[in-house]
Amino acid sequence: MYDIEKIRADFPILERTVYGHPLVYLDNTATSQTPRTVVDEITRMYYTSKANVHRGVHALSQEATSLQEATRERVRSYINAASTREIIFTRGTTESINLVASSYGNFLENGDEIILTVMEHHANIVPWQLLRRHKRVTLKVVPINERGELKMNAFRSMLSERTKLVSVCHVSNVLGTVNPVKEIVAEAHAMGIPVLIDGAQATPHMKVDVRDIGADFYAFSSHKMYGPTGIGILYGRESLLKQMPPYQGGGEMISHVTFDHTTFAELPYKFEAGTPDFVDIAALARALDYIDSVGMDNIAAHEHDLLEYTTGRMMEIPGMRIFGTAPGKSAVISFLIGNAHHYDTGMLLDKLGFAVRTGHHCAQPLMAALGIEGTVRASFAMYNTREEADRFIEALHRIAPMLA
Ligand code: PLP
């Protein structure tokens with residue numbers, strides 16, 4: 001049984017009010033809330049175990065190091081990577097993708113092509129554009145159909161001997177579309193092309209198995225999956241990471257340094273320059289424990305129920321336009337009411353206690369393709385309820401006439 005009251009009690013922020021209304025937090029795509037066990041672990045680390053990792057012989061340093069490495073193993077098993085050498089801690093999905101762009105990017109030549117999709121977050125667009133400061137690389141963009149699904153024939157027609165990387169999101173942060181990443185990888189690999197998957201919106205909502213998908217790189221963020229802020233993960237296939245040059249230089253990532261020459265540390269440390277955010281890394285393990293304790297299949301079923309129910313009821317609102325209607329989509333609803341500006345809708349909802357996101361959602365090229373400036377976005381997590389969905393629909397009924 002899905003014990004929603006028990007789950008909600010583990011997230012103290014859900015008890016607060018906003019402008020005198022109980023908070024209804026529907027901005028989970030931007031960041032999800034954090035359970036008590038994760039915050040407790042951060043406090044415990046600061047109060048009892050804080051010491052810099054890897055550099056000390058003393059007990060505290062060894063404890064902190066063990067916790068960090070235990071999280072690395074926890075993440076490895078969570079996404080079924082082959083080895084902890086393939087798990088690199090970063091600041092977030094954005095840094096994970098920048099790491100690949102700046103390091104793997106060295107292998108690209110003028111005239112090479114990278115395939116992206118029109119639904120990418122800016123984090124999976126701009127790092128590739130920055131490469132153009134050094135190399136004349138071309139970005140090819142896979143379009144979508146009216147439901148917000150990738151046009152796979154267009155994707156296939158873009159693959160060529162000039163393609164050096166395919167970089168696609170697993171789940172769209174605007175449309176909720178779950179892309180056929182396994183198929184994309186199979187098609188790209190058939191031509192010897194590696195694939196990076198931006199998993200920022202997948203890991204909080206579904207089981208991810210990087211080996212089953214066949215991903216070469218898989219990037220995601222802790223703060224979107226009930227974990228602490230400031231931590232991201234880059235999974236990379238060991239054979240590729242081994243060949244890639246370091247991303248940043250500094251402490252921890254070296255083997256030996258002289259003023260003439262430096263040799264680098266083994267994986268994964270080669271890509272982890274400087275003191276890592278070891279407190280939050282340790283606490284990330286508690287977030288993964290929390291997800292496991294509820295069960296990812298249960299979370300996915302719960303969110304799917306909320307998505308179906310809310311989407312169905314939103315259609316009662318005159319002028320409702322929902323962007324992204326792919327079957328099996330993730331629990332994110334981007335919408336506009338008639339011609340009302342997304343910002344006005346968001347502001348009215350805010351005054352009633354609803355935290356929704358408005359704007360382009362860091363996906364301006366997608367907005368341009370949809371012919372709009374932005375949307376209002378409501379997104380669900382494991383702790384949202386049908387009662388909240390009902391209150392959301394009531395609020396939409398109340399504000400729609402004001403916006404008309
Ligand atoms: N990719 C997608 C699909 C996202 O939704 C986000 C954040 O919203 C990012 C990348 C960037 O994640 P972060 O800001 O945690 O680096």
Side-chain angles (χ1 to χ4, degrees), residues 25-34 38 75 79 88-102 114 116-130 141-142 144 148-150 166-179 181 184 195-206 208 213 215 217-235 247 276-277 280-281 283-284 287 303 323-324 326 329-334 355-367 369 374-381:
Y25 188 77
L26 299 176
D27 194 17
N28 295 288
T29 298
T31 197
S32 55
Q33 298 300 342
T34 313
V38 173
V75 172
I79 59 170
I88 298 161
F89 290 119
T90 64
R91 283 193 302 119
T93 306
T94 303
E95 188 177 40
S96 296
I97 298 174
N98 274 277
L99 189 162
V100 179
S102 107
I114 298 173
L116 307 176
T117 82
V118 75
M119 65 174 84
E120 296 312 314
H121 188 281
H122 296 163
N124 194 25
I125 300 172
V126 185
W128 308 112
Q129 287 176 339
L130 292 179
V141 181
V142 183
I144 53 174
E149 296 161 303
L150 292 179
V166 174
S167 193
V168 300
C169 61
H170 195 162
V171 175
S172 160
N173 67 318
V174 175
L175 307 166
T177 312
V178 181
N179 287 323
V181 285
I184 289 171
V195 180
L196 182 153
I197 298 169
D198 169 354
Q201 298 302 341
T203 46
H205 305 290
M206 61 176 73
V208 168
I213 294 169
F217 301 105
Y218 197 97
F220 56 107
S221 297
S222 151
H223 71 97
K224 294 186 194 290
M225 47 194 309
Y226 313 103
T229 57
I231 299 297
I233 287 103
L234 173 67
Y235 158 80
Y247 162 57
D277 185 354
D280 290 306
I281 289 172
L284 167 59
E303 291 175 352
F323 300 88
K329 69 178 269 197
S330 185
V332 34
I333 310 175
S334 285
V356 292
R357 191 137 296 242
T358 60
H360 54 65
H361 315 298
C362 297
Q364 283 182 331
L366 174 60
M367 296 299 132
T375 71
V376 186
R377 184 182 69 186
S379 50
F380 298 106

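The shown structure was predicted, so the numbers you read here are calculated from the model rather than taken from an experiment. Hydrogens, waters and symmetry mates play no part in the numbers below; they use all other heavy atoms, side chains included. Numbering of ligands and ligand atoms starts at 1, following listing order. Residue numbers count from 1 along this sequence.
- Annotation: side chain to side chain donor-acceptor pair (under 3.5 Å) contacts involving residues 117-127, sequence neighbours excluded, comprise Thr117-Glu120, Glu120-Asn124, Asn124-Trp128, Asn124-Ser167.
- The backbone N or O of Ser379 sits nowhere less than 3.5 Å from a side-chain atom of Arg357 that would complete a donor-acceptor pair.
- Scored by the salt bridge (Lys or Arg N to Asp or Glu O under 4.0 Å) test, Asp277 finds no partners at all (sequence neighbours excluded).
- Both the backbone and the side chain of Thr94 come within contact range of ligand 1, each with a heavy atom under 4.0 Å.
- With a 4.0 Å heavy-atom cut-off, ligand 1 is reached by the side chain of His223 but not by its N, CA, C or O.
- The part of Lys224 lying near ligand 1 is the side chain, judged by heavy-atom distances below 4.0 Å.
- Under the 3.5 Å distance criterion, with hydrogens and angles disregarded, a donor-acceptor pair is assigned to the side chains of Thr90 and Ser96.
- The distance from ligand 1 to the heavy atoms of Asn173 drops below 4.0 Å at these ligand atoms: 5 (O).
- A donor-acceptor contact shorter than 3.5 Å links the side chain of Thr93 to the backbone of Ser221.
- Near Ser221, the atoms of ligand 1 lying under 4.0 angstrom from a non-hydrogen atom of the residue are 12 (O), 13 (P), 15 (O), 16 (O).
- For atom 4 (C) of ligand 1, the nearest protein heavy atom (residue, atom name, distance) is His121 CD2, 3.3 Å.
- Residue Glu95 has no nitrogen or oxygen atom sitting less than 3.5 Å from a nitrogen or oxygen atom of ligand 1, judged on distance alone.
- The backbone N or O of Asn28 sits nowhere less than 3.5 Å from a side-chain atom of Lys224 that would complete a donor-acceptor pair.
- Nearest non-hydrogen protein atom to atom 5 (O) of ligand 1 is Gln201 NE2, 2.6 Å.
- Ranking protein heavy atoms by distance to atom 1 (N) of ligand 1, first place goes to Asp198 OD2, 2.5 Å.
- By the 4.5 Å heavy-atom criterion applied to side chains, Gln201 and Val332 are not counted as neighbours.
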